[in-house]
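In what follows, a single structure is set out as structure tokens and then discussed.
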Amino acid sequence: MGDDAGAVRSAVLSLHRATGLPMVFGGALNGRDRLRITELVGNTTDSLSGLVVRQGNGLGGKAMATGRPGWVSDYPRAATISHDYDRPVGREGLLSIVAVPIVVRRQVRGVLYGALREPLSLADRVVTAAVQAARDLEQDLAVRDRADEAMVRYGGHAAPPGPGTEASATAAARWEEVRAVHAELRDLAERVRDPATRDRLREASLRLAAAGRLAPPAASGDPAPRRGRCCRRASWTSCRTSRSAAPTPRPPSGSACSRRR
């Protein structure tokens, strides 16, 4: 419903601001079992622009199929995914990638990606931020869907004039107001620097969205990757791991990483 690609664009920009990852990208579903990557920040080529990812193929396709976040720390050598898209990914030089599906009412609507051009394991906070960006987008889409449905159900073209027409129009207008207020709260939360105030705005937006949201399946997966000795090399990387990381989100923490030897 509506412009999912535009909503993905906002989420991509938000995730890029929150993590500072070298590249963040994403796309909305373009058909029942495929998505088209249309939103990119930090790209150096056009190899991924317009790329169609089919369900089950590659990292993003696997996220679509399972409905769960996943990541790899060395894309060309990852044994947990298929390698249908090695060429465009390789042209962009991406190695460490996280992919998070956008799930609304148990249907995948798109995928968000964050990536490094080094074979490093992404920090917990980066994985958590990617998951949070997807969850926020899911809330936005759910509220928008409910508003759109109300407009269709109660709009002037949906029912002939009669005793209930005025009430129907009022209900549609109220849903449109809910949608507008929710969008404003989300925008304010992104702009506020004070963590406590930002959290309160996020909570208010979640409460507002609750009427229009069915909770997506909880992300789960294999055990977290083994950790090595840590250092403070970069805020978006984590401890040394094997060539590919297991596709399961981890609790937030402030760990940093070391380059794999």
Which heavy atom of P101 sits nearest to which heavy atom of P69, and what is that distance? CD-N, 3.7 Å

Between L116 and L94, is any pair of side-chain heavy atoms under 4.5 Å apart? no

Is any side-chain heavy atom of L40 closer than 4.5 Å to one of L48? yes

Scanning both residues in full, the closest heavy-atom pair of L141 with A7 reads CD2-CB, 3.8 Å

Report yes if the side chains of M23 and I97 come closer than 4.5 Å at any heavy-atom pair, otherwise no. no

Considering all heavy atoms, the nearest V52-R34 contact: CG1-CD, 3.7 Å

Contacts of A28 that satisfy side-chain contact (heavy atoms from CB on, under 4.5 Å) - sequence neighbours left out: D4, V8

With sequence neighbours left out, which residue pairs that include part of residues 27-65 fulfil the ring pair (Phe, Tyr, Trp, His ring centres under 6.0 Å) condition? none

Contact check, side chains of V98 and L112, non-hydrogen atoms, under 4.5 Å: no

With no hydrogens and no angle check, is any side-chain donor or acceptor of S96 less than 3.5 Å from a backbone partner on L120? yes

L29: which residues meet the side-chain contact (heavy atoms from CB on, under 4.5 Å) condition with it, sequence neighbours left out? L35, M64, V108

Taking only residues at least two apart or on different chains, which pairs with a member in residues 82-91 satisfy side chain to side chain donor-acceptor pair (under 3.5 Å)? S82-D84, H83-D86

List the residues meeting side chain to side chain donor-acceptor pair (under 3.5 Å) with D33, not counting sequence neighbours, and say none if there are none. none

Heavy atoms of V72 and A78 approach each other most closely as CG1-CB, 3.6 Å

Please confirm whether the backbone N or O of S10 pairs with a side-chain atom of S14, one donor and one acceptor, at under 3.5 Å? no

CA sep, side-chain torsions, deciding dist, call: L13, V41, side-chain contact (heavy atoms from CB on, under 4.5 Å): CA-CA 7 Å; L13 293 172; V41 177; 3.7 Å; yes

Pair listing, ring pair (Phe, Tyr, Trp, His ring centres under 6.0 Å) test, anchored in residues 4-58, at least two apart: F25-Y113

Among R135, Q132, R68, find the residue that satisfies the side chain to side chain contact (heavy atoms under 4.5 Å, CB included) test when tested with V100. R135

Could you state whether V24 and L95 fall into the same hydrophobic cluster, counting links through intermediate Ile, Leu, Val, Met, Phe, Trp or Tyr residues with side-chain heavy atoms under 4.5 angstrom apart? no

Any side chain to side chain donor-acceptor pair (under 3.5 Å) involving residues 45-61? Give me the pairs, sequence neighbours left out, ordered by first then second residue. T45-S47, T45-E92

Closest non-hydrogen atom pair, V53 against G61: CG1-N, 3.6 Å

Once you round to the nearest 0.5 Å, how far does CZ of R9 lie from CG of L137? 13.5 Å

Closest approach of A99 to G60 (non-hydrogen atoms, all atoms of both residues): CB-CA, 4.1 Å

Using the ring pair (Phe, Tyr, Trp, His ring centres under 6.0 Å) rule, collect all pairs that involve residues 41-61, keeping only residues at least two apart or in two chains. none

Which ring pair (Phe, Tyr, Trp, His ring centres under 6.0 Å) pairs, counting each pair once, include a residue from residues 29-65, with sequence neighbours left out? none

Hey, does the side chain of R36 reach the backbone of G50 with a donor-acceptor pair shorter than 3.5 angstrom? yes

